[in-house]
Protein chains: 2
Amino acid sequence: MSMPGLPPTAFALLGLLAFDADSEADSAADSAAGMTGYELKQRADFTLRYYWVSPAMSQIYTELRRLSVEGFVAEQPGDGPTRYRVTPEGREAVERWLFEGEVGFPVLKHPVALRLLMGRLSTPERLQEMLEQHLRDLDARRADLQGVRDMLGDDHQRRYAALVADWGLAYYDSESRIVADLRARLDTMD
Amino acid sequence: MSMPGLPPTAFALLGLLAFDADSEADSAADSAAGMTGYELKQRADFTLRYYWVSPAMSQIYTELRRLSVEGFVAEQPGDGPTRYRVTPEGREAVERWLFEGEVGFPVLKHPVALRLLMGRLSTPERLQEMLEQHLRDLDARRADLQGVRDMLGDDHQRRYAALVADWGLAYYDSESRIVADLRARLDTMD
DNA sequence: ACCGCATATTCCGATTAGGAACATTCCTAC
DNA sequence: GTAGGAATGTTCCTAATCGGAATATGCGGT
């Protein structure tokens with residue numbers, strides 16, 4: 001019950017497992033219950049990476065073991081790979097976590113902004129190039145996320161995921177606009 | 001010369017030191033040259049935290065020692081605290097780093113989006129509350145950054161810092177707008 | 001039978017995070 | 001002046017996290 005100890009990533013994984021359990025409840029005849037660590041990694045790379053981090057494999061398994069100790073997930077070592085399911089306690093724990101304690105402010109690690117900050121030590125041409133590249137990266141990332149958004153469709157089960165995907169898309173659009181403006185300002189700066 | 005080894009934070013600090021050196025060159029009669037680790041921490045908390053991380057003290061001193069080994073900063077152990085200055089090699093290293101290699105895409109750790117993603121496990125009321133709190137946090141953060149921006153003024157030396165600060169302000173504004181829209185959509189969702 | 005690819009898990013070293021702990025100096029109210 | 005507290009300056013420790021190499025094990029195709 002040592003709530004404070006679990007890192008957000010643990011709850012994120014727990015959330016994915018809860019989601020998976022709910023989905024499988026519908027498409028009943030689905031072979032095995034729960035997910036393997038590998039599958040969780042896939043899922044995390046697909047959805048989580050846009051708003052959180054894409055956890056390393058090592059971390060996935062670390063968190064799974066920890067969640068298992070807490071009784072929030074149940075391991076099912078069949079003949080094949082180990083499958084993990086959320087327990088009722090686990091589900092309760094995520095729900096509690098969702099509205100408990102400090103949510104905290106987003107942390108941004110923005111290598112482009114960091115370099116622009118030291119613009120004096122570079123040249124306008126190089127900075128323009130860097131921003132142009134950033135715009136291309138933004139386009140690519142936006143396209144990826146749009147793919148995710150399309151896949152979510154208007155399925156009621158996934159409406160929150162869709163909401164957050166739209167948030168992300170709007171963010172990328174806004175960032176592109178801002179960077180375009182910056183490029184214009186850079187031109188008239190020196 | 002082991003360039004690849006140095007983490008971005010090291011270059012960020014090196015950049016701050018370079019900036020400091022340039023500033024002191026103007027206001028000549030400034031007592032001691034260079035900065036102490038403590039001062040660097042302050043400076044980092046003031047400017048770097050908006051686009052990068054606010055490095056822990058331990059990390060500041062770790063990086064300083066590493067930079068010293070590389071010959072990118074010079075330690076000056078006077079009678080008081082140790083002061084650090086960029087060396088010409090250090091300055092060269094930042095400049096090289098600025099246009100060399102992969103810049104990389106920003107990484108966002110967004111606890112609010114993460115929780116909204118699991119909205120199914122919460123209630124609309126709680127989610128609204130969370131988003132409202134996020135809007136308040138955004139306002140506060142924006143105000144802080146505006147303070148930084150005001151301090152930068154239109155000093156030619158600091159024009160890039162000002163540019164990046166404006167970027168940040170535009171980002172906060174956009175995020176606020178997006179979240180307000182999300183709140184409206186949430187109301188009509190269930 | 002063999003190749004290659006996706007799956008599945010463990011392990012390791014290096015970084016990073018986040019402060020506690022510890023001095024020292026500086027300022028300010030009494 | 002001086003006692004107490006705030007700011008300065010540095011080290012140290014523990015945990016978390018990263019990032020991928022290493023290692024299996026199936027499974028499908030030829």
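In the text below, chain A, chain B and the rest are named by the order of the sequence lines, each starting its count at 1. It should be emphasised that the depicted structure is a prediction, and the values quoted were computed from it without experimental measurement.
Taking only side-chain atoms of B:Tyr38, from C-beta outward, the nucleotide of C:dA8, C:dT16, D:dT8 with the closest atom is D:dT8. Set against D:dT17, C:dA8, D:dT8, the side chain of B:Gln42 has D:dT8 as its closest nucleotide. Considering only the side chain of A:Glu39, C:dA8 comes nearest among C:dA8, C:dA17, D:dT10.
Separating the CZ atom of A:Phe11 from the C1' atom of D:dA16 is a distance of 15 Å, rounded to the nearest angstrom. Between the CD atom of A:Glu75 and the P atom of C:dA8 there is a distance of 15 Å, rounded to whole Å. The distance between atom CG of B:Leu6 and atom P of C:dT15, rounded to the nearest whole Å, is 9 Å. Nucleotide D:dC12 holds its P atom 15 Å from the CG atom of B:Leu64, rounded to whole Å. For the pair B:Met35 CE and D:dT10 P, the interatomic distance rounds to 12 Å; values are reported in whole Å. Rounded to an integer number of Å, the gap from CG of B:Leu40 to C1' of D:dT10 is 13 Å. Per the geometry, CZ belonging to B:Arg83 stands 7 Å off P belonging to D:dG9, to the nearest Å. Whole-Å rounding puts the A:Asp45 CG to D:dG20 P distance at 12 Å.
Contact of the B:Leu98 side chain with the A:Leu127 side chain is not registered, since no non-hydrogen atoms from C-beta on lie closer than 4.5 Å.
Under a 4.0 Å N-O distance rule, the pair A:Arg158/A:Asp155 qualifies as a salt bridge. A salt bridge links A:Arg91 with A:Asp22: the closest approach of a Lys/Arg side-chain nitrogen to an acidic carboxylate oxygen falls below 4.0 angstrom. No salt bridge links A:Glu75 with A:Arg85; every basic N to acidic carboxylate O contact stays at or beyond 4.0 Å.
Residue A:Asp187 qualifies as enclosed at atom CG: its count of foreign heavy atoms under 6.0 Å is above 12.
Sequence neighbours left out, the pairs with a member in residues 108-127 of chain B that pass ring pair (Phe, Tyr, Trp, His ring centres under 6.0 Å) are A:Trp167-B:His110, B:His110-B:His134.
For the contact set between residues 54-63 of chain A and DNA chain D, defined by any heavy atom under 4.0 Å, the members are A:Ala56, A:Met57, A:Ser58, A:Gln59, A:Glu63.
Not counting sequence neighbours, B:Asp181 has no partner by the side chain to side chain contact (heavy atoms under 4.5 Å, CB included) test.
Between B:Thr36 and D:dT8 there is no side-chain polar atom (N or O) within less than 4.0 angstrom of OP1 or OP2. Distances shown here put a side-chain N or O of A:Arg65 below 4.0 Å from the OP1 or OP2 atom of C:dT10.
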